[in-house]
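Before any comments, here is the structure.
Just so you know, these numbers come straight off a predicted model, no measurement behind them. Both counts, for ligands and for their atoms, begin at 1 and track the order of listing. The first residue of the sequence shown is numbered 1, and numbering continues consecutively from there.
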Amino acid sequence: MAGSDPFSLESIRNSLIRQEDTIIFSLIERAKYPLNPQLYDSRCSIFPGIAGSLLENFVKETEAIQAKFGRYQSPEENPFFPDNLPDSLVPPQSHPQVLHPGAASININKTIWDIYINKLLPLFASEGHDENYMCISACDLECLQALSRRIHYGKFVAEVKFKDAPEEYSPAIHAKDRDALMKLLTFESVEEMVKKRVEKKAKVFGQEVTLNNDDCNGKFKIDPSVLPRLYGEWVMPLTKHVEVEYLLRRLD
Ligand SMILES: C=C(O[C@@H]1C=C(C(=O)O)C=C[C@H]1O)C(=O)O
């Protein structure tokens with residue numbers, strides 16, 4: 001919006017709202033395929049010469065290419081496999097420096113990976129396998145990156161909340177009081193709205209669209225009830241965890 005502050009709580013929340021669309025569309029794409037559990041099994045070598053989980057290999061190699069083209073120069077992006085990433089081939093991009101430098105040390109992608117594969121996928125992917133490994137890996141990476149971006153966006157949320165009320169946050173930061181920080185940054189009414197909205201979006205985005213019949217017979221491309229659960233149990237608690245971690249470093 002012209003004239004609006006790009007770094008206000010409102011604009012940060014608008015970005016989170018837009019990221020909901022990305023997450024839901026990426027889950028709808030993944031839901032086209034069955035689970036294919038061997039893709040995630042580190043003991044199951046699907047192709048000779050590729051040891052470990054195929055998805056892990058795929059993500060590591062893809063992140064290496066994306067690192068070369070500057071993806072991780074952006075403070076919004078966090079790699080799943082940060083060790084030994086190649087240097088960027090592109091010159092440094094001018095990303096606005098809004099975050100405290102301590103933000104760079106916060107990366108909870110291991111937790112996000114584990115939840116995505118072990119808890120979330122079984123909630124919406126049908127059982128079975130079709131060996132469509134590369135298409136599925138590409139979908140998984142989209143989902144993982146969208147979730148990771150959203151959850152690590154907590155760094156920006158925390159920065160704007162701190163800037164808006166440093167006198168409220170500073171004592172809890174000095175005291176390293178995680179519970180007090182969690183209380184300060186939590187808005188339960190916002191969280192309730194988020195859960196309702198993502199369920200509605202899953203219904204709208206996941207309906208069958210035809211020219212003459214809008215009745216979807218209760219059938220959706222992804223079960224809409226998965227979305228409030230994903231957000232209520234994992235996405236919002238992890239975003240708040242990132243917010244607390246960021247705030248604890250904010251005055252270093
Ligand atoms: C992100 C925010 O902080 C907290 C986390 C929320 C979320 O992850 O969606 C929502 C409300 C807050 O409890 C916010 O205030 O918008």
Nearest-neighbour protein heavy atom for [atom], which is reported as residue plus atom name and distance:
| atom | value |
| --- | --- |
| atom 11 (C) of ligand 1 | E191 CG, 3.5 Å |
| atom 4 (C) of ligand 1 | E243 OE2, 3.5 Å |
| atom 12 (C) of ligand 1 | F187 N, 3.5 Å |

(message) Less than 4.5 Å apart, side chain to side chain, heavy atoms only: is that true for I108 and H152?
(response) yes
(message) Contact between Y153 and V242 at the side-chain level, heavy atoms closer than 4.5 Å - yes or no?
(response) no
Please could you name the atoms of ligand 1 that [X] approaches to less than 4.0 Å, counting only its heavy atoms?
| X | result |
| --- | --- |
| L16 | 1 (C) |
| T239 | 8 (O) |
| T186 | 13 (O) |

(message) Tell me whether R150 reaches ligand 1 (any heavy atom closer than 4.0 angstrom to a ligand atom).
(response) yes
(message) Looking at non-hydrogen atoms alone, which of M236, K161, R13, K240 comes nearest to atom 2 (C) of ligand 1?
(response) K161
(message) Using the rule side chain to side chain donor-acceptor pair (under 3.5 Å), only one of D41, N132, D130 pairs with N36; which is it?
(response) D130
(message) For the aromatic rings, using the six-membered ring if either is Trp, is the centroid distance between W113 and Y40 under 6.0 Å?
(response) no
(request) Would you mind telling me if ligand 1 is within reach of the side chain of L185, the backbone, both or neither, using heavy atoms under 4.0 Å? (result) backbone
(request) Answer yes or no: is there an ion pair linking K240 with E191, defined by an N-O contact shorter than 4.0 Å? (result) yes
(message) Tell me whether K155 forms a cation-pi arrangement with Y246, defined as NZ or CZ under 6.0 Å from the six-membered ring centre and within 45 degrees of its axis.
(response) no
(message) Exactly one of K195, R13, R197 should register a salt bridge (charged side-chain N to carboxylate O under 4.0 Å, His left out) with E20. Which one does?
(response) R197
